[in-house]
Amino acid sequence: MPANAHPNTYGSGWECDNGFRNKTGKTCDRIVVPPNAYLSGSSFGRGWVCARGYREDREGGVSCERIAIPKNAYLSASGVDWNCERGFRKERSECVAVQVPENAYLDETSFQTGWKCLRGFQETGNQCAPITVPKNAHLNYTGNGWDCDRPFQRVNKSCVLP
């Protein structure tokens, strides 16, 4: 059994101690952990993981570089990326303010604009225009269009009896 190894717990053979790796089948070599990283305790991969707020460098993954967090952003829960604060949206490597038009509200599920129109209004360019509901009709359940009352039927922009 080589140095920096211990017997397998499940029978014959040996395995390397924590912080060492078996590369040749005969020795246990020390895992070199770069600054801002820690041992992963895993027998596969590099044997180390970058600390929260750092990620492997793009030049070959031999070091950990600090994640640059732009203004109006915060480190994500995973610790390996960043998100924009409420009221801002990601545009390349920065957070830009969401311009919410009149009759609209912030909506983080709206990836393009970052806002949605209030009920009774519909998006027209970068604005929210009121929906014109004809006689014998009502706003639909989503509030972004209209449906005819029963028993009326839609004909172009009006509701008529069949």
Side-chain angles (χ1 to χ4, degrees), residues 1-131 139-147:
M1 181 172 14
N4 304 308
H6 57 271
N8 277 334
T9 55
Y10 54 83
S12 64
W14 53 269
E15 60 188 5
C16 294
D17 294 340
N18 189 30
F20 294 85
R21 170 169 285 141
N22 182 351
K23 290 185 180 177
T24 63
K26 297 178 182 176
T27 63
C28 290
D29 299 323
R30 179 176 296 280
I31 297 172
V32 178
V33 181
N36 304 309
Y38 59 91
L39 288 171
S40 66
S42 176
S43 59
F44 57 89
R46 290 187 170 84
W48 55 266
V49 177
C50 292
R52 181 173 166 76
Y54 294 84
R55 65 175 145 221
E56 287 185 24
D57 67 32
R58 301 182 201 288
E59 309 299 315
V62 295
S63 66
C64 295
E65 60 185 19
R66 179 178 288 282
I67 296 171
I69 301 173
K71 185 177 179 183
N72 302 309
Y74 60 92
L75 190 63
S76 68
S78 67
V80 296
D81 200 4
W82 53 268
N83 296 320
C84 293
E85 294 173 356
R86 180 165 170 74
F88 294 85
R89 72 171 184 273
K90 202 173 205 175
E91 230 175 70
R92 291 179 288 286
S93 61
E94 61 184 5
C95 293
V96 295
V98 173
Q99 302 301 317
V100 181
E102 191 173 343
N103 301 311
Y105 61 93
L106 280 173
D107 181 49
E108 300 195 12
T109 62
S110 182
F111 297 107
Q112 297 297 322
T113 61
W115 54 267
K116 282 189 179 177
C117 292
L118 295 170
R119 180 174 171 79
F121 294 85
Q122 63 186 359
E123 187 176 334
T124 307
N126 289 329
Q127 298 178 359
C128 292
I131 296 171
L139 282 174
N140 63 18
Y141 75 96
T142 61
N144 62 1
W146 55 268
D147 294 325

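Quick note: residue numbers are just sequence positions, from 1. Keep in mind that the numbers below use all heavy atoms, side chains included, and drop hydrogens, waters and symmetry copies.
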### Message
How close do Cys50 and Tyr38 get, counting heavy atoms only, and between which atoms?
### Response
O-CE2, 3.8 Å
### Task
Could you tell me which non-hydrogen atom of Cys84 sits nearest to which non-hydrogen atom of Arg89, and how far apart they are?
SG-C, 3.5 Å
Could you grab the distance from atom [atom1] of [X] to atom [atom2] of [Y], nearest 0.5 Å is fine?
| X | Y | atom1 | atom2 | result |
| --- | --- | --- | --- | --- |
| Glu15 | Cys28 | CD | SG | 9.0 Å |
| Tyr54 | Cys64 | OH | SG | 9.0 Å |
| Phe88 | Asn83 | CZ | CG | 14.0 Å |
| Lys90 | Trp82 | NZ | CH2 | 4.5 Å |
| Asn144 | Gln122 | CG | CD | 8.0 Å |
| Trp146 | Asn140 | CH2 | CG | 10.5 Å |

### Query
Short question: side chain of Thr113, backbone of Trp115 - any donor-acceptor pair under 3.5 Å?
yes
#### Entry: Donor-acceptor contact present, side-chain Asn8 to main-chain Tyr10, <3.5 Å
no
Pairwise side-chain contact, [X] with [Y], heavy-atom cut-off 4.5 Å (strictly under):
| X | Y | answer |
| --- | --- | --- |
| Ile69 | Tyr74 | no |
| Asp17 | His6 | yes |
| Cys117 | Glu123 | yes |
| Trp14 | Pro7 | no |

### Summary
Across all chains, not counting sequence neighbours, the side-chain contact (heavy atoms from CB on, under 4.5 Å) partners of Leu139 are Arg119, Ile131, Val133
### Query
What residue pairs, at least two apart or across chains, pass salt bridge (charged side-chain N to carboxylate O under 4.0 Å, His left out) with a residue in residues 53-71?
Arg46-Glu56
Using residues 94-106 as the side-chain source, report each donor-acceptor pair under 3.5 Å to any protein atom, sequence neighbours left out, with the distance given to one decimal.
none

